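Only one structure is covered here, and it is reproduced in the block below.
Keep in mind the model is a prediction, meaning the values are calculated, not measured. Residue numbers start from 1 in every chain, and the chains themselves are labelled A, B, ... in the order their sequence lines are given, proteins ahead of strands.
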Amino acid sequence: MSTLILVEHEGGEIRPATLSVVTAAAAIGGDVHLLVAGSDAAGVADKAAAITGVSKVMLADSPAYANELAENLSALVVKHAEGYSHILFAATAAGKNVMPRVAALLDVSGISDIIEVKSEDTFVRPIYAGNALATVKSSDSVKVMGVRTTAFDAAAAEGGSASVETVEAGEANDKVSFVGQELSQSDRPELTSADIVVSGGRGMQSGENFAMLDDIAGKLNAAVGASRAAVDAGFVPNEYQVGQTGKVVAPDLYLAVGISGAIQHLAGMKDSKVIVAINKDEEAPIFQVADYGLVADLFDALPELSAALDS
Amino acid sequence: MKIIVGVKRVLDYNVKARVKADKSGIELANVKMSMNPFDEIAVEEALRIKEAGNADEVIAVSIGPSQSQETIRTALAMGADRGILIETDEQLQPLAIAKLFKHLVEKEEPGLVVLGKQAIDDDSNQTGQMLSAMTGMSQATFASKVEFDGDHLKVTREVDAGLESIKVSLPSIITADLRLNEPRYAKLPNIMKAKKKPLEVIPVADTGVDVSSGLSVVEVNEPPKREAGIIVNSVAELVEKLRNEAKVI
């Protein structure tokens with residue numbers, strides 16, 4: 001039994017999501033091999049080789065892999081899939097783009113968003129925005145899966161000493177090309193891996209008012225998130241969205257401000273260790289999942305909170 | 001150019017899913033069912049592309065039980081030209097759904113397939129990607145903007161760090177994200193007209209497509225409940241609790 005993991009990386013660094021996937025692979029058992037696809041990615045392969053629990057790293061270096069195009073990555077994974085019992089991806093936007101293609105090319109079912117490994121062929125995944133957990137069993141010869149990274153601790157990035165082998169890269173698909181990107185610039189920790197997340201909802205009333213959350217996030221070294229309502233209202237960009245169709249987070253502390261707590265939002269944050277809700281509506285569903293609730297007008301509470309954090 | 005758009009009948013967005021007592025799945029008897037919200041966005045985008053003169057026909061396709069005809073009628077009332085239901089009472093996995101769409105793609109030869117990025121029941125987020133891999137049509141998932149440029153599309157995609165744009169050649173498969181558009185409501189006269197639009201029903205067995213799956217559901221459970229917390233009376237008390245009780249700040 002052996003597992004192949006497609007490594008996610010950017011700017012020469014391995015994304016934390018991949019470290020969680022390594023932990024999921026360890027729970028399955030058997031050898032864990034990583035595939036690094038990138039342009040000038042030898043440095044990434046060396047870092048991948050240092051991850052605890054990894055026994056082999058394959059490096060496919062080609063400009064075709066510079067921008068995570070799904071066509072190119074899926075073809076590469078399939079090219080090197082022979083012999084593996086499991087092929088894992090992080091359930092990130094990039095991973096979700098590739099995983100089902102690999103499953104389809106191998107003619108097996110894909111298994112999205114696993115949160116628990118019951119055995120080598122049985123896994124648990126949330127359905128219906130996390131309102132139910134399905135235990136699924138696969139009889140496919142190879143299990144192709146996405147791993148919900150918040151459900152698995154990160155493997156140690158150091159301590160391993162895997163071998164690195166250069167493997168043949170595939171052709172670049174000529175039907176698709178990368179044009180550009182607009183990434184949000186922030187000094188804050190990344191939303192899905194931050195220890196503390198401060199999120200705002202429709203109650204924030206405007207994008208300008210998110211400055212109050214930024215201020216508090218700065219004092220707590222937290223990431224800033226938002227509900228779908230706040231994103232749809234244009235207060236903040238889409239990458240802030242926490243929920244069923246946005247990002248899933250599970251920080252030590254989740255502070256929900258002016259968020260009513262629709263089930264679609266709860267799906268993205270209810271596995272946080274401690275949840276705090278500030279809302280002026282005491283009937284808001286968010287209070288049913290909050291460890292600490294404060295019924296207050298956020299425009300009074302946030303300045304007070306900011307001041308209290310200084311003391 | 002034809003556009004195929006996928007419409008799935010799912011538990012309504014506003015209805016809370018309840019696990020059946022025998023743990024076999026979710027209770028779907030006597031609850032409101034609707035079109036998957038992402039598919040509404042997909043239908044809207046297909047219609048806008050047609051209205052802009054970039055397509056001639058929009059075909060709404062559903063795969064599911066007989067009642068999925070209602071979902072197709074909703075798409076027809078929004079403005080789709082005709083419907084196809086591949087009828088099955090089985091809960092098919094995305095792999096089988098993608099194979100059935102491929103079957104229709106080979107028959108209809110659309111220039112574009114527009115699907116929702118995921119269905120809000122099984123939250124798989126797989127069908128579009130699988131269909132692209134199976135057909136060789138280009139893939140543009142999580143789309144928040146679609147622009148025509150000759151025989152290419154420029155698609156803006158929602159990714160974890162923001163937005164990225166890619167250029168894909170036609171034929172292509174697009175999966176719709178939330179902010180691609182605001183779907184229209186069907187107007188009453190159009191709902192009446194939709195009843196007369198053609199809707200072909202094809203039993204799944206007649207497609208000759210292998211819909212077997214290596215994946216089975218063992219059981220479905222309620223998620224663990226969070227214990228109810230406490231209401232604090234002031235910001236000062238909140239900060240004190242977070243520092244000394246929860247020890248998270």
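- Contact check for B:Ile120 versus A:Gln244: side-chain heavy atoms found under the 4.5 Å cut-off.
- Of all heavy-atom pairs spanning A:Leu294 and B:Ser234, the tightest one is CD1-N, 3.8 Å.
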(message) Please determine whether side-chain contact (heavy atoms from CB on, under 4.5 Å) holds for the pair B:Leu178 and A:Gln241, giving the CA-CA distance in whole Å, both sets of side-chain angles, and the decisive distance to 0.1 Å.
(response) CA-CA 11 Å; B:Leu178 285 173; A:Gln241 186 176 323; 3.5 Å; yes
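- Contacts with chain A were tallied for B:Ile166, B:Leu238, B:Val239; B:Ile166 has the most, counting heavy-atom pairs under 4.5 Å.
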(message) Please evaluate residues A:Asp291 and B:Lys241 with respect to the criterion salt bridge (Lys or Arg N to Asp or Glu O under 4.0 Å), reporting the C-alpha separation (whole Å), side-chain torsions for both, the decisive distance (0.1 Å), and the verdict.
(response) CA-CA 10 Å; A:Asp291 299 282; B:Lys241 294 277 188 202; over 6 Å; no
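- Within the 4.5 Å cutoff, no side-chain heavy atoms of B:Ser165 are placed close to those of A:Gln181.
- B:Glu158 places no side-chain N or O within 3.5 Å of a backbone atom of A:Asn238 that could act as its donor or acceptor partner.
- Of the two parts of A:Ser74, neither the backbone nor the side chain holds a non-hydrogen atom closer than 4.5 Å to a non-hydrogen atom of chain B.
- No side-chain heavy atom of A:Glu239 sits under 4.5 Å from any side-chain heavy atom of B:Asp160.
- With contacts defined as side-chain heavy-atom distances shorter than 4.5 Å, the pair A:Gln264/B:Tyr13 qualifies.
- Side-chain atoms of B:Val168 and A:Lys175, non-hydrogen and from C-beta on, never get closer than 4.5 Å to each other.
- Highest contact tally toward chain A, considering only B:Ser132, B:Ala17, B:Ala98, is held by B:Ser132 [criterion: heavy-atom pairs under 4.5 Å].
- With a threshold of 4.5 angstrom between heavy atoms, A:Lys96 approaches chain B through its backbone and through its side chain.
- With hydrogens and angles disregarded, no donor-acceptor distance shorter than 3.5 Å links the side chain of B:Arg226 to the backbone of A:Ala290.
- Within the 4.5 Å cutoff, the side chain of A:Tyr128 has no heavy atoms near those of the B:Lys16 side chain.
- With contacts defined as side-chain heavy-atom distances shorter than 4.5 Å, the pair B:Leu215/A:Lys143 does not qualify.
- No side-chain heavy atom of A:Thr135 sits under 4.5 Å from any side-chain heavy atom of B:Val220.
- No donor-acceptor pair under 3.5 Å is formed between the side chain of B:Asp123 and the backbone N or O of A:Ile127.
- With a 4.5 angstrom heavy-atom cutoff, A:Leu302 does not touch chain B via any of its atoms.
- With A:Arg125 contributing its side chain and B:Asp122 its backbone, the two residues share a donor-acceptor pair below 3.5 Å.
- Between the side chains of B:Gln139 and A:Asn97, a donor-acceptor pair is found at a separation under 3.5 Å.
- Side-chain atoms of A:Ser139 come within 3.5 Å of backbone atoms of B:Gly214 as a donor-acceptor pair (strictly under, hydrogens ignored).
- For B:Val232, the parts lying under 4.5 angstrom from a heavy atom of chain A are both the backbone and the side chain.
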(message) Using side-chain hydrogen bond (donor to acceptor under 3.5 Å, both in side chains), reason through B:Gln126 and A:Ser112 one step at a time and then give a plain yes or no.
(response) CA-CA 8 Å; B:Gln126 293 187 18; A:Ser112 301; 2.7 Å; yes
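- For B:Glu245 and A:Tyr292, the side-chain atoms include at least one donor-acceptor pair closer than 3.5 Å.
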